[in-house]
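Hydrogens, waters and symmetry mates play no part in the numbers below; they use all other heavy atoms, side chains included. One is the number of the first residue; the rest follow in order along the sequence.
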Amino acid sequence: MRKHSSPGLRPLRFRRTVGLAAVSALTLGGAAAVTLPPAHAAVQCSVKYSIDGSWQGGFQGGVKLTNSGDAVSSWTVGWSFANGQKINQGWGGTFSQSGTSIQVKNLEYNGAIPSGGTASFGFLGTWTGSNSVPTSFTLNGTPCDGGPSDNKVPTVKLTSPTAGATYDAPGTVPLAATASDSDGTVAKVEFYSDTELIGSDTTSPYTATWSDVPAGSYSITAKAIDDRGGTASSSPVGIQVTSGPTVKVSPPTLSVALGKTADFTVALSSAPTSNVTVTTARTTGTTNLTVSAGGSLTFTPANWSTPQKVTIASGANGTPSSATFTSSGTGFAAATVTVTELAEGTSDYDQRFLTMYNKLKDPANGYFSPDGVPYHSIETLMVEAPDHGHETTSEAMSYLMWTEATYGRISGDWAPYNKTWTIAEKYFI
């Protein structure tokens, strides 16, 4: 896997419990013949070979074997590279390579595969010129006859709940997703809160209900599984389950340049029985920040969930500071927004960065676990955990460290950077 670094940032390493499985010993370039176990009389299988990351001269590959025949107690998967690719590191199996021929044998702990079961392994390799996907595979010396190896993973989109949705505790959360598979069928869609399975459905439209949800913040995803074991996960959405009706604000933090304006939105978590007026006012902080529009907004039983805009203005003069604004309405718990002024001369890039940073940190996006660990990397380097939940790559954490360092440089607030280092040291170093 490529390594990215930023000045002053220590590189992050995988911890075995959250990243790679046991790394196998490799026998590469050897000319010795490989002795295969006898072919099983009822071998039927399929192999999904994937290129999970690629860069100039190198790539990360993955192989998932699905056994649709009789159970096996050990396995050796074989294939040949068409373009002279070389494997130089692997995990989940013992690798050997002779010329273009690859053999991967199970480790001690993962040799048994029941009928319908799977085994997976991965590797880092090099390539020149081209890096085509192998077209045929063997299991214990017998060709896999369960279909082509280039199974396309399904697509899935979470349609309920929506990002930022709020429910009263004990909450009842409707779950729904759309899913399709271009070269097969969708066998099942599963719904997760973080890594907890909260519902599933095997027929379209894919729906479920998550009941008796206690108050808290949750990140919800949908996962589609096709008829050959291919999987795909939706983008996450963040929701809130509250102990009572609340005012909702988004984003909860805001940055504004001196002499400029910035906006946040307000809505209600549940329908009122009559019109509710939500007022927004500065409760603490600099008087250089004021509400210039949207200080009084009316929500009705019909439009209660439609976000309305509040505009915060910064005076042209003064030393950059911050303030807290509170949005409140009768019968609804108040919500606060922290607004920070930017120094005069802050570049357009830095202002744009802070706008995107505040959106990324909005809990409605569901990007982070309750501990602050990112569920998904900026690049598509996400891997599936054995419990079908999510794992975060060390590269995702490296990008997050860069993000927090840039935020600290622009804002002068290094607390998020320090908190992220604490998380990195706990889970990744």
Using modelled atom types only, decide if a donor and an acceptor are shared between the side chain of [X] and the backbone of [Y] within a distance under 3.5 Å.
{"X": "N67", "Y": "I113", "result": "yes"}
{"X": "K188", "Y": "A224", "result": "no"}
{"X": "S219", "Y": "P236", "result": "no"}
{"X": "S250", "Y": "T265", "result": "no"}
{"X": "S50", "Y": "D52", "result": "no"}
{"X": "N110", "Y": "L107", "result": "yes"}
{"X": "T162", "Y": "A165", "result": "no"}
{"X": "Q60", "Y": "I51", "result": "no"}
{"X": "T422", "Y": "N418", "result": "yes"}

- Would you mind listing every side-chain hydrogen bond (donor to acceptor under 3.5 Å, both in side chains) that reaches into residues 118-133, with sequence neighbours excluded?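 Residue pairs with at least one partner in residues 118-133: N83-S130, N83-S132, Q85-N131.
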Not counting sequence neighbours, which residues clear ring pair (Phe, Tyr, Trp, His ring centres under 6.0 Å) with [X]? List them please.
{"X": "F123", "answer": "F59"}
{"X": "W210", "answer": "Y218"}
{"X": "F121", "answer": "W75, F95"}

Establish, from distance only, whether the side-chain atoms of [X] and [Y] form a donor-acceptor pair under 3.5 Å.
{"X": "E341", "Y": "S314", "answer": "yes"}
{"X": "T326", "Y": "T283", "answer": "yes"}
{"X": "S217", "Y": "Q240", "answer": "yes"}
{"X": "T286", "Y": "N288", "answer": "no"}
{"X": "T284", "Y": "T324", "answer": "yes"}
{"X": "D263", "Y": "T311", "answer": "yes"}

So [Y] and [X], do their side chains get closer than 4.5 Å, heavy atoms only?
{"X": "T178", "Y": "V156", "value": "no"}
{"X": "V213", "Y": "P170", "value": "no"}
{"X": "T172", "Y": "Y167", "value": "no"}
{"X": "F137", "Y": "Y49", "value": "yes"}
{"X": "S200", "Y": "E190", "value": "yes"}
{"X": "I198", "Y": "L175", "value": "yes"}
{"X": "S292", "Y": "I312", "value": "no"}
{"X": "V339", "Y": "V256", "value": "yes"}

Where is the tightest heavy-atom contact between [X] and [Y], given as atom of each residue plus distance?
{"X": "V104", "Y": "G93", "answer": "CG1-CA, 4.0 Å"}
{"X": "A334", "Y": "S328", "answer": "CB-CB, 3.8 Å"}
{"X": "V189", "Y": "A177", "answer": "CG1-CB, 4.2 Å"}
{"X": "P320", "Y": "L258", "answer": "CG-CD1, 4.0 Å"}
{"X": "A176", "Y": "L158", "answer": "O-CD1, 3.5 Å"}
{"X": "W55", "Y": "L124", "answer": "CH2-CD2, 4.4 Å"}

Side-chain polar contacts of residues 297-305 - donor-acceptor pairs under 3.5 angstrom, sequence neighbours left out - could you list them?
{"residue": "T300", "atom": "OG1", "partner": "A302", "partner atom": "N", "Å": "3.1"}
{"residue": "T300", "atom": "OG1", "partner": "N303", "partner atom": "N", "Å": "3.1"}
{"residue": "T300", "atom": "OG1", "partner": "N303", "partner atom": "OD1", "Å": "3.1"}
{"residue": "N303", "atom": "OD1", "partner": "T300", "partner atom": "N", "Å": "2.6"}

Within this structure, what is the [atom1]-[atom2] distance for the pair [X] and [Y], rounded to the nearest 0.5 Å?
{"X": "T340", "Y": "L354", "atom1": "OG1", "atom2": "CG", "value": "9.0 Å"}
{"X": "T338", "Y": "F325", "atom1": "OG1", "atom2": "CZ", "value": "10.0 Å"}
{"X": "D226", "Y": "K48", "atom1": "CG", "atom2": "NZ", "value": "7.5 Å"}
{"X": "T185", "Y": "I225", "atom1": "OG1", "atom2": "CD1", "value": "12.0 Å"}
{"X": "D350", "Y": "T406", "atom1": "CG", "atom2": "OG1", "value": "8.5 Å"}
{"X": "T76", "Y": "N106", "atom1": "OG1", "atom2": "CG", "value": "6.5 Å"}

- Query: Do I102 and F81 pass the side chain to side chain contact (heavy atoms under 4.5 Å, CB included) test, and can you show the C-alpha distance, the side-chain angles, and the key distance before you say yes or no?
  - Reply: CA-CA 8 Å; I102 305 296; F81 282 126; 3.7 Å; yes
- Query: Should the ring pair F353 and Y349 be called parallel, tilted or perpendicular, given that the plane angle runs from 0 to 90° and is split at 30 and 60?
  - Reply: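 Correct class here is parallel.
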- Message: Applying side chain to side chain contact (heavy atoms under 4.5 Å, CB included) to Y357 and E404, what does each step give before you reach the verdict?
- Response: CA-CA 9 Å; Y357 177 89; E404 298 296 12; 2.6 Å; yes
Result block: side-chain N/O donor-acceptor pairs under 3.5 angstrom for residues 267-282, not counting sequence neighbours:
{"residue": "S269", "atom": "OG", "partner": "T246", "partner atom": "N", "Å": "2.8"}
{"residue": "S269", "atom": "OG", "partner": "T246", "partner atom": "O", "Å": "3.2"}
{"residue": "T280", "atom": "OG1", "partner": "S327", "partner atom": "OG", "Å": "2.7"}
{"residue": "R282", "atom": "NH1", "partner": "L289", "partner atom": "O", "Å": "2.7"}

